[in-house]
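Encoded as C-alpha cells, the structure appears first; notes follow it.
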Amino acid sequence: MPTYLERLIIESLSEAYRAVRPDGPTVTIEVRPSDRPEFGDYSSNLALIASRSAGIPPRELAERLMKAVGGPFRVEVAGPGFLNFFLARPTIHAALSEALSRSDRFGFIDEGEGKRAQIEFVSSNPTGPLTVGHGRQAVLGDVLSALYERLGYDVEREYYFNDEGRQIDLLAESLWVRFRELHGESRPIPEGGYEGDYLREMAKDLRAETEEEFSEFDPPTRERFRREAVSRITEWIKEDLAKLGVRFDTWFSEADLHRAGKVEEALVELEKRGGVYEKDGAVWLAAERHGGAKDSVLIRSDGRPTYLMVDIAYHIDKFRRGFSRVIDVQGSDHQVEQSCVKAALRILDFPDDFLSYAVHQFVSLKEKGEIKRMSTRAGRFFTLRALIDELGRDVVRYFMISRRPEAHLEFDLDLARSESLDNPATYVKYAHTRIASIFRKAAGMKIDHAGADLSLLAEEEELELIKKIDRFPEVIRVAAVSFAPHMLAEYALDLARSFHAYYDKHRVLGDDIELSRARLSLLSAIKLVLKGTLDILGMDAPEEM
RNA sequence: GCGCCCGUAGCUCAGUGGACAGAGCAACGGCCUUCUAAGCCGUCGGCCGGAGGUUCGAAUCCUCCCGGGCGCACCA
C-alpha cells in the first residue's frame, strides 16, 4: 500500500499505462522513494516490468509512458528504463498538511474494520520468574498488539498458562523441600524439580506467615504448597509485566479447557474428520498428510492427552470465541508443535489465515564483550525484573524490539546502560524533547503556527523530512502484517536523526516570523509522528529531559 | 540424519527483486556568545559465508556446500 505521495504518482502512472497499452495486462504499479537525489523523489520500474509483455524495449516504453503521464511532477527516464519523478513542492507540502490535519489520528488505518484479533504471548507457566527471553516476547507481543490496533483491529492480549499438572506438583514439592530446610531438615529437590533461589526466598516468606510445620508432603500439604507457589509466582509475573508496561486482557487457564470438556470435544471433531489413527495403544494426529512436520501423539496409551491435544482444543476455543484472526507469539523452539496445530486446524477446515505464528529467536546478554551464559535449569539466569530495575522500561523495550524477531538478539548491556545519546532509546526520546523545548520557547515568544504558509519550507532537509513523515502509516502497516515491529524502531531512529541534523543546520525560531511559523508546523508533524511511534513502542515521549 | 532460522564494515545490526550496499558503536579529525553540545559534520572501514542457477537486474528468489542457533519425547 502506497503512501499519500506515492499514491498520487501511481494514479497518474496508471492512467498513462492504460493510454500507452490499452489492451495490456494489468500490472501492479510500484513506486518507491529514490535513493539518490539525482533520481528525483520517487522512482518506478513500470517500464522494466511491462517491457516484455508489451514487446517494447524498456527505455522506449519508459519514454512513451513519460510522454503520456501528467501530474504535479517532472519525469525523467534513467538507467535501464526507470521513471524518475521530481515532485512539485506544493505537492510535498500537501503531504505535510495531510499529516497535520489527521493530527493524532495520523497513522491509524481502517484496514481491520474493527474485526476482532487475538494476540497471545508470554504464556509462561507460573513455575518461576520471567527471564529476559520472556521479556523479548512480552515486548514483541505488546508492540504487535499496538500495531494491529492502529491497523483498525479490536485487539485482545491473551496470556495462556497451566497451573495444574506434573510441573506444578514438582514446583510445589520443590518449595516444600526449601520450606523444610528452614526447619533444619535436608532433602533433595525432586528429579526434574526447581533449583532456583527464588523458592528459598518464597519459603522464607511462607515460614514468616505460618506456624504450621508441614512435616509430611501429604495431599493437603501438596495442595497448599501448590496454591502458595502458583499464586505468588503469578503475582511476580504480573508485577514484572506491569513494570514493562505490558497488560493483558485475558488470563486463560489451561485447566478450564479440561474442566469444560473441550479437550474431548476436540478429539471427537478430529476423529469425525478422519484426522487421527491408533498405533501402539495411543491416538495419533495424521499431521504429515496435512502439512505438519510429523505425526504426533494426541492421547497417550494411558489415556492422558498430550500438550498438543490440549493446544488444538485451545485453538478451537479461540475460534469459537469469535476472533477473525489469532496471532501466537512464540520462541523458535516450538516449530514442530506449530506445524501440527496448523495441520489439525486444516483437518477441521478452519480458514487458512485464522492462525499465524510470530516466531522469534532467543536473547543473550553481552557485557564487556562477553556473552553471559544462562541456564534456567540450574536456576542461573538474569531475570527480566533485574534488567528492568537496572535499565528502566523504555531502554529494555527499545532494545528488545530493535532487531528482527527471527534473528538472535544480542542484548548489549554496556550500550543499554549508557546514559548518553549513543543509546538509541535515549536518542529518539531526546528528539521529541528537543521539539517540545522549541515549542515552549515559541509559546514564550507568542509565536504559534496555525495556518502557517507551508510553501516557505523550501530547504532540501525540510522536504526530506516531510517525505519521511508521509511514510509513517505505511511503516505501521508493513511492520504489522510482516510481524516486524523492529521496523518502527528503525524508522523512529531515522526520523530522529534527520531531525537532529536539520535542527543543527537551520534555525527554527528566527527573525522571519512567517518562516518560523512554517517550521513550527513541520516540527509539529515530526513531534506527532515521534509521539505516535513511541506510543506504539510503549515508551515515554517526554516533554523535558 | 531430517526440519526451521541466521551468516552484510573490527563489534552490534538495517536493507518491500532494482540503478555506485547503509546506520550505530569503536578509531581518528572538526563544529557551541544563538531554539537542550543529551547535538551536528567529516575520515577510516565491505569479493553482502562460498559455488552455481533464475532474471533486463540478486545481499534479497532457487539448488548445493561451509559455519552457527533451535528443534526432532506417549515433556510442557
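Keep in mind it's a predicted model, so treat the numbers as computed, not measured. Just so we're on the same page: letters track the sequence lines, and every chain starts at 1.
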message = Over all strands shown, is A/His334 touching base, sugar-phosphate only, or nothing at heavy-atom distances under 4.0 angstrom?
response = base

To the nearest angstrom, the CG-C1' distance between A/Leu46 and B/rC56 comes to 15 Å

Check: Base, sugar-phosphate, or nothing for A/Thr426, non-hydrogen atoms under 4.0 angstrom?
Finding: nothing

Taking N or O atoms only and anything under 3.5 Å, show me the protein contacts with nucleotides 23-27 of chain B, one pair per line.
from   : atom 1 : to       : atom 2 : distance (Å)
B/rA23 : O2'    : A/Arg497 : NH1    : 2.8
B/rA23 : O2'    : A/Arg497 : NH2    : 3.1
B/rC25 : OP1    : A/Asp422 : OD1    : 3.1

Side-chain H-bond candidate by donor/acceptor type, A/Arg434 with A/His500, under 3.5 Å
yes

*Got a sec: does the CG of A/Asp511 have more than 12 other heavy atoms crowding it under 6.0 Å?*
no

By nearest-nucleotide position on RNA chain B, the 5'-leaning member of A/Ala407 and A/Lys279 is A/Ala407

Subject >> OP1 or OP2 of B/rA76 under 4.0 Å from side-chain N/O of A/Arg300 >> reply: yes

Do A/Tyr427 and the base of B/rA38 stack face to face, with centres under 5.5 Å apart and an angle between planes under 30°? no

Per the O4'-C1'-N9-C4 / O4'-C1'-N1-C2 angle with a 90° window around 0, B/rC64 comes out anti

Between A/Ala293 and A/Arg404, whichever has its closest RNA chain B nucleotide further toward 5' is A/Ala293

- Any A/His486 side-chain N or O less than 4.0 Å from OP1/OP2 of B/rG15: yes

